[in-house]
Amino acid sequence: MTIEEQVKLLKKGVEEIVPEGQLIAKLKKSAKTGKPLRIKYGIDPTGSQVHIGHLVPIRKMRQFQDLGHIGVIIIGDFTAQIGDPTGKNETRPTLTKEQIMINCEKYMDQLYTVLDKDKTEVRFQTEWFGSMTMADVIKLMGKFTLAQFMAHDTFRKRYESGLPLGMHEIMYPILQGYDSVAIESDIELGATEQKFNLLAGRDMQRYHNQEEQVAIMSPILMGTDGVNKMGKSLNNYIAVFDTPKDKYGKVMSIPDNLIINYFTYATNLSDEEISAVQMRLEAGENPKNLKQLLARELVKIYHGQEIAQAEEDAFNSVFAKGNIPDDIEEFSFAEDKIWVIKLLTDTKLCQTNGEAKRMLKQNAVSIDGEKVTDPDLEIELISEIVVKVGKRRFAKIIKK
RNA sequence: GGAGAGGUUCCCGAGCGGUCAAAGGGAACAGACUGUAAAUCUGUCGGCGAAGCCUUCGGAGGUUCAAAUCCUCCUCUCUCCA
């Protein structure tokens with residue numbers, strides 16, 4: 001692949017490259033010397049669930065790996081104790097080291113669904129921060145001024161609106177910046193909201209007489225609600241470890257205006273294929289069709305073509321035709337009769353008796369296709385019945 | 001160190017002795033309409049099999065027949081002054 005082709009590929013789905021010229025120079029240099037570039041991406045092992053929003057830059061890293069470069073994953077075991085203030089309007093609770101280690105292992109398992117393990121280096125911040133002295137830390141802090149931090153929206157807004165802003169939080173960019181020095185990063189990947197942190201890396205490298213890294217920023221993937229960025233706290237994410245069924249279903253529930261966005265950042269479709277989708281949308285085709293295509297593509301990446309197709313068939317069967325899914329959870333009971341409310345809570349279809357009653361009252365419960373509304377009803381358990389709550393909660397009850 | 005303002009149910013935010021399981025909004029859930037989309041309309045939104053009861057308003061005590069509301073101490077946050 002020529003350098004021009006490489007640049008075109010690497011620019012795809014990227015929001016901003018700072019500075020772009022330097023990326024080209026680095027690629028050229030690497031091609032000439034045969035020395036692979038070191039591509040940095042830092043993770044914050046505060047949770048163990050990786051969602052497809054995290055994977056936008058990770059997928060970019062994979063492209064670099066396919067071009068022969070090295071991906072370096074930094075486990076932010078120090079920064080995790082701070083909690084990334086970026087984009088947050090509140091402080092985060094700190095984590096114990098034990099918790100971080102557990103999270104980290106699970107995390108990497110998920111990243112390897114995308115990354116090339118042989119070209120991935122995993123590094124812990126402890127390696128370089130663990131042995132630093134206070135004098136070293138003060139020296140690092142001295143490289144920045146408070147004004148620089150206050151120029152940063154995140155800090156300024158927090159400060160101006162009277163929210164607590166911990167002193168340790170301003171260490172976050174400093175630490176992340178120094179990571180780049182420690183691993184001699186050529187390129188750092190991250191979401192656009194990371195800009196400040198990524199640029200801090202360039203500053204740090206310059207202070208340490210190192211060639212500055214190039215910052216490649218990916219857009220922030222919207223959550224399935226279409227309003228907020230994808231994140232765990234809002235429960236609007238599609239996780240790597242979600243079942244294919246959940247992935248398919250979650251894609252189908254995104255707002256229409258997100259379709260192109262997801263195609264661009266979460267699938268492997270080429271620009272040409274995406275334009276084709278765009279044209280079909282503009283031509284007035286039912287967006288549902290394109291969304292199904294999207295759902296299929298996305299599931300395919302993680303589970304393969306066959307499963308993707310199977311999920312689509314199941315989806316159509318259940319939601320378009322109103323059939324009962326064939327893989328619903330089964331429960332067996334020994335009793336001859338059971339009170340509806342108890343049935344609903346025992347099967348976890350409802351969390352509490354109150355919720356069960358509410359569902360009955362709201363016409364949301366059906367047994368073998370018949371609506372049930374009477375909260376005093378006793379169900380006779382003869383053979384096998386299927387209970388449905390709302391549109392998507394099912395359980396099969398078997399007489400023991 | 002001094003002065004002031006605060007911590008309310010998932011979130012924001014009213015309440016300032018009983019009529020408070022606690023207004024309003026958001027989120028969420030359910031129903032109608034659909035394409036498991038959006039928008040809209042309707043309803044629900046602490047727990048317990050009902051009447052009734054139990055737990056909740058930063059924490060611990062106290063006053064009172066009665067406390068989210070009053071008092072004491074503690075704790076956390078914000079603002080202003082050193």
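The structure displayed is predicted, hence computed values, not measured ones. Order of the sequence lines sets the chain letters (A, B, ...), proteins ahead of strands, with each chain counted from 1.
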For this session: Scan Pro255(A) against the nucleic acid and name what it touches under 4.0 Å (heavy atoms): base, sugar-phosphate only, or nothing.
Result: sugar-phosphate
Exercise. According to the interplanar angle, ranging from 0 to 90°, do the rings of Tyr207(A) and Phe144(A) count as parallel (below 30°), tilted (30 to 60°) or perpendicular (above 60°)?
Worked result: perpendicular
Problem set entry | Separation of the P atoms in U64(B) and C80(B), to the nearest angstrom | 42 Å
For this session: Tell which nucleotide pairs with G17(B), taking only Watson-Crick or G-U wobble pairs whose two distances are both under 3.5 angstrom.
Result: none
Exercise. Looking only at side-chain N and O atoms, does Thr352(A) come under 4.0 Å of OP1 or OP2 in G47(B)?
Worked result: yes
For this session: Identify, between Asp225(A) and Phe319(A), the residue whose nearest nucleotide on RNA chain B lies closer to the 5' end.
Result: Asp225(A)
Exercise. If you look at every strand shown and take non-hydrogen atoms under 4.0 Å, does Ile259(A) touch a base, only sugar-phosphate, or nothing?
Worked result: nothing
Exercise. Does any nucleotide pair with U77(B) by Watson-Crick or G-U wobble geometry, both distances under 3.5 Å, and what is it?
Worked result: A5(B)
For this session: Remember a base hit wins even if backbone is also touched, and classify Asn363(A) as base, sugar-phosphate or nothing at under 4.0 Å, heavy atoms.
Result: sugar-phosphate
Exercise. In whole Å, what separates the P atom of U69(B) from that of G59(B)?
Worked result: 10 Å
Exercise. How close or far is atom P of U34(B) from atom CG of Asn316(A), stated in whole angstroms?
Worked result: 18 Å
Exercise. Taking only side-chain nitrogens and oxygens of Lys288(A), does any of them come within less than 4.0 Å of OP1 or OP2 of U34(B)?
Worked result: no
Exercise. Which whole-number value in Å describes the distance from Asn257(A) CG to A39(B) P?
Worked result: 10 Å
Exercise. Hey, are Lys247(A) and Glu311(A) close enough for a salt bridge, meaning a charged N less than 4.0 Å from a carboxylate O?
Worked result: no
Exercise. Using the P atom in both, what is the distance from G61(B) to A67(B), to the nearest Å?
Worked result: 14 Å
For this session: Take the protein atom CG of Asn228(A) and the nucleotide atom P of C10(B), then report the distance between them rounded to whole Å.
Result: 20 Å
For this session: Would you mind pulling out the nucleotide paired to A30(B), Watson-Crick or G-U wobble, both distances under 3.5 Å?
Result: U42(B)
Problem set entry | Inter-nucleotide C1' distance (C78(B), A32(B)), Å rounded | 47 Å
For this session: Answer yes or no: side-chain N or O of Asn289(A) and base N or O of G35(B) forming a donor-acceptor pair under 3.5 Å.
Result: no
Exercise. If you check the Asp256(A) side chain, which of G35(B), U79(B), G43(B) turns out closest?
Worked result: G35(B)
Problem set entry | Listed nucleotide nearest any side-chain atom of Arg358(A), set C78(B), C45(B), G35(B) | C45(B)
Exercise. Would Arg158(A) and Glu169(A) pass as an ion pair if we require N to O under 4.0 Å?
Worked result: yes
Exercise. When the distance from CD of Glu355(A) to P of C45(B) is rounded to whole Å, what number comes out?
Worked result: 12 Å
Seminar exercise, completed: Checking N1-N3 plus N6-O4 or O6-N4 for Watson-Crick, or N1-O2 and O6-N3 for wobble, each under 3.5 Å, the partner of G52(B) is C48(B)
Exercise. How close or far is atom P of G35(B) from atom CD of Gln292(A), stated in whole angstroms?
Worked result: 12 Å
For this session: Return the orientation label for the Phe196(A) and Phe155(A) ring planes: parallel under 30°, perpendicular over 60°, tilted otherwise.
Result: perpendicular
For this session: Considering only atom C1', compute the distance from A14(B) to G31(B) and round it to an integer number of Å.
Result: 30 Å
Problem set entry | Partner nucleotide of A68(B) by Watson-Crick or wobble geometry (both distances under 3.5 Å) | none
Problem set entry | Side-chain heavy atoms of Leu381(A) within contact of Lys337(A), under 4.5 Å | no
Problem set entry | Rounded distance in Å between the C1' positions of A22(B) and C45(B) | 14 Å
Problem set entry | Glu355(A) side chain to Gln351(A) backbone, donor-acceptor under 3.5 Å | yes
Exercise. Would you call the rings of His51(A) and Tyr237(A) parallel, tilted or perpendicular if under 30° counts as parallel and over 60° as perpendicular?
Worked result: tilted
Problem set entry | Separation of U42(B) C1' from Lys361(A) NZ (nearest whole Å) | 13 Å
For this session: Looking only at side-chain atoms of Lys357(A), point me to the closest of A50(B), A30(B), G35(B).
Result: A50(B)
Problem set entry | Nearest-nucleotide pick for Asn286(A), side chain only, options being G31(B), G35(B), C78(B) | G35(B)
For this session: Specify the separation, in whole Å, of atom CD of Glu160(A) and atom P of U79(B).
Result: 11 Å
Problem set entry | Pairwise 5' ranking along RNA chain B for Arg393(A) and Ile341(A), keeping only the more 5' one | Arg393(A)
Exercise. When all nucleic acid strands are considered with a 4.0 Å heavy-atom cut-off, which category describes Lys342(A): base, sugar-phosphate, or nothing?
Worked result: nothing
Exercise. Roughly, in whole Å, what's the span from CZ in Arg158(A) to C1' in C78(B)?
Worked result: 13 Å
Problem set entry | Rounded P spacing from C11(B) to A28(B) in Å | 15 Å
Exercise. Using the C1' atom in both, what is the distance from G6(B) to C12(B), to the nearest Å?
Worked result: 15 Å
Problem set entry | Among C78(B), C33(B), C29(B), the nucleotide that comes nearest once only the side chain of Met359(A) is considered | C29(B)
Exercise. Any side-chain heavy atom of Thr264(A) within less than 4.5 Å of one from Tyr262(A)?
Worked result: no
For this session: For Gly162(A), answer base if it contacts any base atom (sugar-phosphate contacts may also be present), sugar-phosphate if it contacts only those atoms, and nothing otherwise; contact means non-hydrogen atoms under 4.0 Å.
Result: sugar-phosphate
